[in-house]
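Chain naming here is simple, since letters A, B, ... match the order of the sequence lines and numbering starts at 1 in each. Scope of the values below: all heavy atoms of this structure, side chains included, with no hydrogens, waters or symmetry mates.
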Amino acid sequence: MTKRRHIPEELGVGVVIVLVAAIFSLMSPTFRTLDNANLLLLNGTVIAFLAMGQAFVLLTGGIDLSTGSNIALTGMVAALTMRAGLPWWLGALSALAVGAVVGAINGALIHYVKLPPFIVTFATFGVAASIPLILTGANSVNVADPLFAIIGRGSLFAVPMPVVLVAVFAIALTVLLRMTPTGVHIYAVGGNAETSRLSGIPIGRVTMLVYAMSGLCAGMGGLITTSRLMVGYPSAGSGNELFYSIAAAVVGGVSLFGGIGSLPGALLGAVLIATVSNGMNVVGVQSFWQPLVIGLIILGGVIIDTYRRKSSLSQLLRRAFRPGGAAADDTALQTPAAAAPPLEAGSATTH
Amino acid sequence: MTKRRHIPEELGVGVVIVLVAAIFSLMSPTFRTLDNANLLLLNGTVIAFLAMGQAFVLLTGGIDLSTGSNIALTGMVAALTMRAGLPWWLGALSALAVGAVVGAINGALIHYVKLPPFIVTFATFGVAASIPLILTGANSVNVADPLFAIIGRGSLFAVPMPVVLVAVFAIALTVLLRMTPTGVHIYAVGGNAETSRLSGIPIGRVTMLVYAMSGLCAGMGGLITTSRLMVGYPSAGSGNELFYSIAAAVVGGVSLFGGIGSLPGALLGAVLIATVSNGMNVVGVQSFWQPLVIGLIILGGVIIDTYRRKSSLSQLLRRAFRPGGAAADDTALQTPAAAAPPLEAGSATTH
Amino acid sequence: GAVNTGTAKAGSAASASSTGGIPKPASCSDATPYVAVALPNLTNPYYVAMKKGFEDAGQANKLKVEVQIANDDSANQLAQVQGMLQKKPCALALNAVKSEPGAAIVKAANDAGVPVFTVNVGIDETSLKSQGASIVQYLGADNAAGGKQVAEQLLKDAGADAKLTVGLVTAPDETPAVTRDKGFESGIASDANAKVVATVDGKVKPDVSLKATTEMLAGNPDINVIFASTGPAAYGALQALGSNSKVKVYGFCAADQPLTAQYPACVAQEPEVYGTKVIEQIRGWLNGTTPQAQVLESLKLFTVGQTPGAGEVG
Amino acid sequence: MTTTSTGTPAGLSVRGIIKRYSGVTVLHGVSVDVRPGDVVGLVGHNGAGKSTLLRTVSGATTPDGGEITVDGRPTAIDSPSAAIAAGIATVYQELALLPNLTVAQNIYLGEERARAGILDREGMRAGARRLVESFGLAVDVDRKLGDYPVATRQMLEIAVATHRDAKYLLLDEPTTSLEGGQVEKLLEMVRSLAADRGLGILFVDHKLDELYAVCNRVVALVDGRVRIDGRVDEISRHDVVAAIAGDEVADAVTGSGGAATPAHAGQAPTSDVRRWLPEKSGGRRLQIEGLQAPGVRNVSLTAEPGRVLGLYGLVGAGRTEVLRALVGLAPITGGTVLLDGEPYRPATPAAAQRAGVVYVTEERKSDGIVPGLNSPMNVVLPVLKRYRRAGFLDRSRMLTDADELLAQLRVRGNRNGPVVSLSGGNQQKVLLARAIAQRPRVLLLDEPTKGVDLGVKAEIHRIVRSLAHDAGLTVVIVSSEEDEICEVADDIAVVAHGHSTGELVPAEHRTPTALRREAWAAA
Ligand SMILES: Nc1ncnc2c1ncn2[C@@H]1O[C@H](COP(=O)(O)OP(=O)(O)OP(=O)(O)O)[C@@H](O)[C@H]1O
Ligand SMILES: Nc1ncnc2c1ncn2[C@@H]1O[C@H](COP(=O)(O)OP(=O)(O)OP(=O)(O)O)[C@@H](O)[C@H]1O
Ligand SMILES: [Mg+2]
Ligand SMILES: [Mg+2]
């Protein structure tokens with residue numbers, strides 16, 4: 001046990017990513033080019049941002065459904081601000097501010113009015129989807145300031161700017177989560193909100209913070225989408241973004257019940273999803289097959305990861321060859337709820 | 001306490017429905033016609049079926065994301081079966097069987113392979129969405145047997161057949177949930193899976209059952225959709241159905257954390273959503289505003305309901321006028337997770 | 001009896017009188033008759049323009065136009081139309097979400113005795129027949145011709161036997177998009193050196209198209225032409241190309257996008273005009289003319305240097 | 001008497017606290033004073049309102065009336081942080097640390113040390129290590145709290161509370177599930193905190209021996225009212241017990257003095273749970289040879305029908321693990337178990353249940369109660385089949401039966417509300433009722449009287465003995481209270497470090513001190 005702890009829990013998803021990437025590489029030589037790696041990451045950045053935000057919320061035991069339509073809202077805010085003649089960085093800042101405010105409103109309603117997160121964020125999802133439509137009559141708004149392109153199309157040492165931004169945010173937020181009291185409080189609230197309250201943790205502030213953070217991340221998603229297309233349009237983020245972001249976090253080991261998981265895990269989950277999407281388009285998988293393939297790969301990935309967590313490889317093999325051994329009868333014992341990943345999953349998150 | 005228990009918990013949503021309906025009636029004379037009432041219920045039936053299935057799953061602490069695309073799959077199965085020359089009732093039965101099997105697979109993966117429900121049903125969501133596309137090359141399939149229309153277009157004593165079907169299912173499933181050992185087991189598994197196991201409850205079977213039930217309900221949704229349109233088409237159920245079904249259950253007091261809620265509650269939640277959708281269309285709310293309006297009405301409804309549960313009206317008023325009174329300090333104390341509705345919710349479920 | 005199987009042909013609505021086989025609801029004689037309009041979505045600028053056409057023409061033609069948006073869901077569209085039928089419209093203008101499921105919507109309107117004018121998305125003939133439903137008119141772009149038109153322009157630009165390696169950014173589950181693809185493919189069939197090597201789903205959304213295009217190009221570096229079968233796809237595909245990319249984008253026009261060397265030609269529909277024309281057809285019918293069963297609008301070709309104007313989109 | 005500079009008496013003064021839950025008054029104006037250096041014992045029957053009183057003082061819940069004065073200043077305690085800020089630290093009855101965090105993180109929860117916003121992890125780890133060492137706990141502060149057994153968590157919780165810079169300490173049944181040595185260490189710690197550091201301590205406990213050993217005042221709470229409040233040297237134990245449980249129990253518990261005497265206490269309510277058992281019940285002989293399971297290395301035991309086997313051992317000895325393996329909750333990895341001579345190796349609790357082996361868990365919260373269900377439903381959960389008629393539940397019969405059983409175990413509070421709203425001791429009784437309702441032949445009890453009040457505890461002991469002696473069941477009881485083991489068990493075996501030879505403790509060693517020596521020797 002003590003020895004196992006030094007292997008980071010995120011490794012499992014990492015292995016799955018390598019596996020999937022290897023298969024795609026075999027199928028297509030272009031897949032394994034550096035350019036494609038950059039592209040893969042670039043196309044994964046929006047999901048990655050959302051997944052980071054979602055991870056914060058999930059860690060406290062909540063959920064944020066508003067994150068997809070917040071992309072449209074914030075992107076539109078940026079485009080409108082610039083159309084009003086303000087410089088690009090002010091446009092970007094106001095988008096981020098709006099994103100964070102939407103999140104903070106979510107958090108406030110959830111904590112102070114004691115409503116289920118699902119309902120609150122479902123409502124803000126609707127509101128955030130409507131506002132851009134109402135403001136522009138469903139029209140797109142061209143970005144006026146060409147410098148705004150730096151966010152989505154720029155690059156730093158040949159690395160696409162959105163990827164750089166994800167990295168910067170990932171580091172900052174991981175530090176926040178692992179090295180500050182607030183980070184501990186987030187895990188504590190997700191572990192047991194009542195206990196946290198009794199320990200004097202300001203759970204209201206923590207709740208507001210995580211949702212605001214998720215809103216901020218959605219704002220980054222909105223900026224990247226808008227900057228890559230150089231147009232703010234009201235249906236941005238209305239596709240699979242929301243689901244994929246939650247799935248990425250869960251694939252990366254974040255429990256939907258709170259208290260367990262890590263940011264690098266969620267990020268790796270996002271990379272897995274990006275790899276699969278990219279790989280399928282690069283290899284040329286028929287679009288009808290894509291939902292099926294992505295579903296199965298994610299399922300397979302989680303199965304591999306689950307077994308890796310539960311047992312060492314040798315145990316796995318032994319089990320596989322033991323006659324009539326029920327798959328996982330005894331390993332399940334320690335799981336508090338059938339749905340939560342095994343307890344140990346959390347161990348990497350807290351030090 | 002003892003007296004309060006005789007007021008069913010579902011009343012709150014009922015009151016909200018009446019309120020919303022009253023407002024729409026004032027705004028539009030067509031809204032208050034009997035024909036429109038029938039139409040409202042008719043258009044709410046698919047969400048109602050999904051919400052019932054979802055309620056089963058949520059009660060055990062799970063979630064079923066596959067329910068929307070299962071509509072497309074089952075509807076397509078029905079259409080294809082009939083195209084193959086089989087009579088309409090065989091088409092219907094095979095659709096239901098496929099729906100239930102998809103659910104059972106979900107349940108089996110969740111219980112026996114110990115995967116998070118979110119991931120498993122996300123994967124089957126993809127698979128169930130792909131299969132109809134692949135089978136038909138994204139084409140729609142006309143229903144060959146005209147008698148099939150009875151499911152979606154028929155009526156019984158002037159009540160639309162789908163509404164009758166919802167009523168029949170609602171009664172049967174409520175009986176199952178309240179009056180049989182299985183029903184108690186479902187609540188127990190959601191309340192505390194470990195304890196349930198210790199008490200000898202076959203949690204594997206319970207898990208399979210609830211997902212199969214959700215699949216069956218999705219099958220009913222698929223049949224109604226297909227029969228109303230008389231065509232099986234691969235994008236059926238890909239709209240708001242999934243979200244609305246979960247929202248309906250949650251609005252109706254079903255906790256996302258399991259163990260708390262009731263079927264009539266989920267049904268009323270579905271009726272609320274149907275009322276709002278229908279009302280907005282009949283009154284002619286601009287489509288841009290619709291997500292916003294539905295979000296706010298649901299939010300408002302849940303706020304009213306939450307306060308009704310927490311305190312009598314007089315307490316509510318007192319609290320409103322008490323200077324600087326923090327909304328609800330200790331009422332939240334006993335709730336295991338911040339998101340769950342207050343405790344008393346449990347009492348309605350157990351008698 | 002108690003059970004109605006829902007299969008019976010509904011008796012024509014009592015209030016409807018008929019002129020030339022087309023039912024005419026009583027509400028048509030109102031001062032400003034109510035016309036119900038059902039559109040699939042507003043995420044595509046195409047329908048935003050069409051909606052404007054309907055609404056403005058409604059004012060001009062003294063018709064009370066109400067537009068409802070189905071959010072790309074056929075079942076939802078049926079529900080919306082049934083809701084509007086409650087208000088006894090004089091006519092229904094329908095741009096169905098999907099071709100076959102649209103037949104049930106037509107059927108619902110038929111049963112209520114309301115005439116149906118379809119626009120842009122045709123209703124599948126077999127579906128109509130099997131449900132015993134009928135429409136008054138179809139008005140819309142000639143999608144197949146549009147695709148072919150682009151192909152011809154492409155061959156004109158590149159030469160009749162140029163080596164063309166084409167990638168499609170399309171929406172395989174949208175009938176009009178598939179029709180355009182077929183038109184395009186038949187157009188380039190004359191060039192033996194042209195072939196389609198990849199097809200990706202842009203979901204009629206610019207961001208999805210952007211991603212899908214980048215990945216298609218990564219997988220097929222030899223692609224030199226992209227055919228984008230919808231406006232949003234064209235926009236996303238264009239953004240996916242670097243400024244020094246050799247790839248050229250042809251297709252259906254992205255809104256407000258000037259045509260350049262990299263984006264040499266596109267064809268545009270005029271959805272706003274379609275909306276206006278449908279209303280005018282209805283007004284004409286009310287005034288006594290018999291509507292044609294099919295009105296096919298040709299597409300407008302744009303080439304380098306031009307910019308599609310307001311309301312001219314793919 | 002100590003006074004503050006303003007002349008008002010220093011101390012925590014609770015005046016006229018009223019608390020209602022959905023219209024039912026739980027506390028009817030309770031007043032208690034805790035002065036610095038005082039240890040005030042708070043006793044009362046299950047559901048008397050002790051925990052509720054503590055929760056109002058700790059800010060966990062807001063009272064409906066009354067006021068709290070801290071060192072002469074009226075203090076509004078409207079949240080836990082307000083109480084912490086006022087210098088009040090609390091150990092709650094239900095375990096309240098977070099299993100998903102490390103021990104060190106738990107210790108500093110809510111008052112993390114940080115430098116420039118960044119956690120001082122090394123500092124906290126060192127502090128945490130010092131703290132656990134001072135309590136003599138062999139705990140790795142970097143491991144998840146969830147990895148440690150209940151008793152360790154209980155000790156940690158106390159450690160955490162004392163470590164906070166508090167002036168007042170509220171302890172709600174801190175000694176449950178601690179073994180004798182640890183109890184003594186804790187009591188010593190309490191004494192020293194009061195005497196040396198001048199803390200005022202409010203100490204809830206059902207065990208009068210412990211209270212009288214450490215308190216200088218005792219307050220008895222009965223049905224939400226203070227019945228007795230005075231100095232320990234002025235109030236006899238008999239008075240306290242009589243106030244709480246009635247004179248008969250008082251005579252039985254305190255009359256004869258020697259704990260080893262199997263006093264047939266609590267004659268008054270002649271509850272007879274035997275009628276719940278099948279006609280010809282009878283137990284089964286349980287022979288365990290070299291048992292191996294997670295946390296169990298080599299345990300051999302024999303439990304006979306008609307007898308109560310007590311398992312004694314130090315905390316973490318692996319007793320819980322033995323029981324969990326026997327009931328199919330943990331895999332048996334080695335050794336043999338015979339049930340009436342037949343090999344027995346349950347794969348699931350359901351299989352164990354079919355074999356008549358039933359287990360009462362030590363951890364109420366995690367695998368004991370189903371919080372949202374009401375008490376009768378919690379009881380009948382494993383036996384629903386019995387109430388099935390044509391596929392449907394005969395609810396009325398089921399609920400009457402369950403309610404009757406609960407009444408016999410004297411469960412107080414609203415039985416029709418969710419079981420979590422019952423007091424801790426009453427929840428424990430619900431679990432016991434569930435076990436009895438299953439008509440066991442072998443009954444495995446893990447700390448069955450944890451948090452149960454002294455009146456009912458005697459009653460439970462009587463029931464357990466009667467189940468074995470009169471109904472012939474095989475009963476295995478794990479308890480960390482030497483008194484309890486000595487009183488209720490016919491035979492006693494010791495488990496240490498996952499080992500047990502199955503040798504019975506000789507009769508002359510059946511006293512608390514001798515037992516403890518025995519366990520230490522084995523360890
Ligand atoms: N959240 C709640 N809702 C309703 N009733 C409650 C709630 N919490 C406590 N009660 C009731 O208040 C009464 C007092 O409970 P409390 O927990 O204070 O008792 P206690 O003296 O600590 O008992 P024990 O010795 O068993 O711990 C009980 O009848 C209990 O059922
Ligand atoms: N699932 C497990 N796998 C391996 N070891 C475990 C497991 N659960 C507990 N242990 C270890 O087994 C030992 C026995 O713990 P436990 O506290 O349950 O014993 P106990 O004698 O019942 O003590 P208590 O007085 O708390 O009842 C401890 O060292 C604990 O860390
Ligand atoms: Mg208590
Ligand atoms: Mg133990």
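With a 4.5 angstrom heavy-atom cutoff, A:Leu65 touches chain B only via side-chain atoms. Contacts between B:Leu109 and chain A at a heavy-atom distance below 4.5 Å involve the side chain alone, from C-beta outward. When heavy atoms are compared at a cutoff of 4.5 Å, B:Leu135 does not approach chain A at all.
Taking CG of B:Leu133 as the start and CD of A:Gln290 as the end, the distance is 11.0 Å to the nearest 0.5 Å. Between A:Leu115 atom CG and B:Ile303 atom CD1 the span is 5.0 Å, to the nearest 0.5 Å.
Between A:Phe288 and B:Ala138, the closest heavy-atom pair is CZ-CB, 3.4 Å. The minimum heavy-atom distance linking B:Pro116 with A:Val302 is given by the pair CD-CG1, 4.1 Å.
Evaluation of the side-chain contact (heavy atoms from CB on, under 4.5 Å) rule for B:Val141 yields B:Met76, B:Ala79, B:Leu80, B:Arg83, B:Thr136 as partners, not counting sequence neighbours.
Chain B is approached within less than 4.5 Å, heavy atom to heavy atom, by A:Val120, A:Phe122, A:Ala123, A:Gly126, A:Val127 from residues 120-129 of chain A, ordered by number.
Chain B forms the most heavy-atom pairs under 4.5 Å with one residue out of A:Ile63, A:Val250, A:Thr195, and that residue is A:Val250. Of all the listed residues (B:Pro291, B:Pro132, B:Ser69, B:Gly258), the one sharing the greatest number of non-hydrogen pairs under 4.5 Å with chain A is B:Pro291.
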